[in-house]
Amino acid sequence: MNNHITLGEYIIENQKDFQYSSGELSSLISSIKLASKVVNHEVNKAGLVDILGDAGNENIQGENQQKLDVYANDVFMQTLVNRQMVCGIASEEEDDFVIIGGKNQTHDNKYVVLMDPLDGSSNIDVNVSVGTIFSIYRRISPLGTPVTKEDFLQPGNLQVAAGYVVYGTSTMLVYTTGHGVHGFTLNPAIGTFYLSHPNMTFPEDGNIYSINEGYYIHFPQGVKDYLKYCQEEEEDRPYKARYIGSLVSDFHRNMIKGGIYIYPTSSKAPQGKLRLLYECNPMAFLAEQAGGWASDGYKRILEIKPTELHQRVPIFVGSKNMVAKAEDFMAKYPESEEY
Ligand code: AHG
Ligand code: MN
Ligand code: MN
């Protein structure tokens, strides 16, 4: 690994690629790198310390918070706040967006961060990979004023950077600033991320489909038809089913091997489950940068204009041809008459 360039070096060397290269975005990504090492350390000893299980409260979306959800949220929030890198943060685990320094605090910082601090948290108790997802926008409100909700409700195609950390058999940080997708593996002995996966790309075709098929009965007909197609006996099918239940891990595997991840609407979750701002947009940006595609079944995820912080959308993301095929099946049923 020692012949690899470190994430720190990579960020400095590629600063020119950042849209507005004042160094602020570089420092922001460095803060995320630092926080991810802290969370990684805790995740790695999860069975040994009292951090497994339920925190005893629900987030704004009515989901049980795990102790590690709360811990990871605190670490990322604190790291970004301490380093005074951003003017505001929105998190899956916070009711509302947070203005750094409190209400009415003005800022000259250019960026806002949106994050899912711990993705796949129901897997933590059983020693299965979890992740962190982040998304960064340049604020649209003027510098020197408090950050506003509109700064967070920008369509995904305006992201300046996005990425994830997967706390897996090894820990990786994968990100894009709009110049391809690059993956860095943590050497835990020395606490340094090294460039291990430059220019990651989705194979155009794949043979893995990832969906929670237990909810089949509740899926729209277009999804049911596509799943039948995945299972048909043809030259390159049936596809393999692989579903970890951590978006980050399922996405990461599919990017390396070729596949599609689907979290559709259902009669139980009419808007889908995954959150546009914290999960779908960053993954869609990464997917497109890696030559893949992300759709809500009918249209490009990155063009959806968000209306709420915790908005949910259905998602079909992964290898380009697979997502296109799934969209063909969806198109047979108009969006309003899906069921
Ligand atoms: P989170 O842990 O941040 O709430 O996200 C969980 C998400 C996603 O990671 C995963 O793919 C999906 O929920 C699993 O949902 P189901 O259990 O409904 O399949
Ligand atoms: Mn999540
Ligand atoms: Mn989460």
Side-chain angles (χ1 to χ4, degrees), residues 32 35-76 91-94 114-135 162-174 183 185-186 188 208-216 240-257 259-264 266 268-269 272-275 277-280 282-283 286-287 310 312 314-315 317-318:
I32 291 171
S36 72
K37 285 190 218 175
V38 177
V39 171
N40 175 66
H41 185 68
E42 207 64 16
V43 166
N44 268 299
K45 56 186 171 71
L48 302 172
V49 288
D50 181 29
I51 194 116
L52 294 180
D54 215 311
N57 32 306
E58 286 186 349
N59 64 17
I60 183 105
Q61 300 150 79
E63 297 159 341
N64 276 343
Q65 283 182 316
Q66 304 285 308
K67 287 181 194 161
L68 263 169
D69 281 327
V70 176
Y71 177 81
N73 188 54
D74 289 349
V75 170
F76 277 91
S91 162
E92 182 185 284
E93 302 302 338
E94 301 282 341
L114 298 90
M115 62 177 178
D116 176 356
L118 204 76
D119 172 68
S121 51
S122 63
N123 279 324
I124 195 78
D125 289 359
V126 291
N127 207 350
V128 169
S129 301
V130 291
T132 295
I133 309 172
F134 61 90
S135 163
Y164 60 78
V165 185
V166 55
Y167 310 98
T169 41
S170 58
T171 291
M172 280 188 71
L173 192 153
V174 175
T185 301
L186 181 67
I208 295 173
Y209 72 104
S210 310
I211 184 168
N212 189 338
E213 233 170 320
Y215 305 147
Y216 182 87
K240 291 181 210 175
R242 292 284 185 276
Y243 188 75
I244 296 169
S246 295
L247 167 66
V248 166
S249 316
D250 281 309
F251 179 98
H252 186 73
R253 180 206 49 242
N254 289 354
M255 180 159 61
I256 291 171
K257 300 209 168 205
I260 183 170
Y261 175 97
I262 306 175
Y263 209 110
S266 71
K268 287 247 156 106
K273 177 185 183 189
L274 300 188
R275 281 125 302 205
L277 300 185
Y278 317 117
E279 290 165 321
C280 301
M283 289 316 206
L286 287 159
H310 297 291
R312 296 171 195 266
I315 186 166
V317 61

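Since the structure is predicted, the reported quantities are computational estimates derived from the model, not experimental observations. Computation of the quantities below employed the complete heavy-atom set of this structure, encompassing side-chain atoms and omitting hydrogens, waters and symmetry-equivalent molecules.
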Problem - CA sep, side-chain torsions, deciding dist, call: Ile315, Ile262, side chain to side chain contact (heavy atoms under 4.5 Å, CB included) - result: CA-CA 6 Å; Ile315 186 166; Ile262 306 175; over 6 Å; no
Practice task
Go through Val128 and Ile244 one step at a time and tell me if the side chain to side chain contact (heavy atoms under 4.5 Å, CB included) criterion holds.
Solution key: CA-CA 8 Å; Val128 169; Ile244 296 169; 3.6 Å; yes
Practice task
Could you walk me through whether Asn73 and Met115 pass the side chain to side chain contact (heavy atoms under 4.5 Å, CB included) test, one step at a time?
Solution key: CA-CA 9 Å; Asn73 188 54; Met115 62 177 178; 3.6 Å; yes
Problem - Test log, rule side chain to side chain contact (heavy atoms under 4.5 Å, CB included), inputs Tyr263 and Glu279 - result: CA-CA 11 Å; Tyr263 209 110; Glu279 290 165 321; over 6 Å; no
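The shortest distance between side-chain heavy atoms of Val70 and Glu93 does not fall below 4.5 Å. A heavy-atom distance below 4.5 Å is not found between the side chains of Met255 and Leu286. Between Leu173 and Leu186, every side-chain heavy-atom pair lies at or beyond the 4.5 Å cut-off. The shortest distance between side-chain heavy atoms of Phe76 and Ser36 falls below 4.5 Å.
Under a 3.5 Å cut-off, the side chain of Arg312 and the backbone N or O of Lys273 do form a donor-acceptor pair. Between the side chain of Ser266 and the backbone N or O of Ala269, at least one donor-acceptor pair lies under 3.5 Å. Side-chain N or O atoms of Arg253 include one that pairs as donor or acceptor with a backbone N or O of Arg242 at under 3.5 Å.
Distance check: Ile260 CD1 to Tyr209 OH gives 12.0 Å after rounding to the nearest 0.5 Å. Distance check: Leu114 CG to Glu94 CD gives 12.0 Å after rounding to the nearest 0.5 Å. To the nearest 0.5 Å, atom CG of residue Leu118 and atom OH of residue Tyr71 are 11.5 Å apart. Of the inter-residue distances, the one linking Ile124 atom CD1 with Tyr167 atom OH reads 9.5 Å to the nearest 0.5 angstrom. For the atom pair OH of Tyr261 and CG of Asn212, the computed distance is 8.5 Å after rounding to the nearest 0.5 Å. To the nearest 0.5 Å, atom CD of residue Glu92 and atom CG of residue Leu277 are 11.0 Å apart.
Scanning for side chain to side chain contact (heavy atoms under 4.5 Å, CB included) contacts around Pro282 gives Ile133, Ser135, Gln159, Ala162, with sequence neighbours left out.
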Determine all donor-acceptor pairs shorter than 3.5 Å in which one atom belongs to a side chain in residues 38-46; sequence neighbours excluded.
residue, atom, partner, partner atom, Å
Asn40, OD1, Asn44, ND2, 3.0
Asn40, OD1, Thr171, OG1, 2.5
Glu42, OE1, Lys45, NZ, 3.1
Asn44, ND2, Asn40, O, 3.0

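Considering every non-hydrogen atom in both Thr132 and Pro117, the closest pair reads OG1-O, 2.7 Å. Across all their heavy atoms, Ser249 and Val130 have their closest contact at OG-N, 4.4 Å.
Aromatic ring orientation, Tyr164 versus His252: perpendicular (interplanar angle above 60°, classes split at 30° and 60°).
Between the side chains of Ser246 and Asp119, no donor-acceptor pair of N or O atoms lies under 3.5 Å. In summary, the side chains of Ser210 and Asn254 do present a donor paired with an acceptor at a separation below 3.5 Å, with no hydrogens or angles considered.
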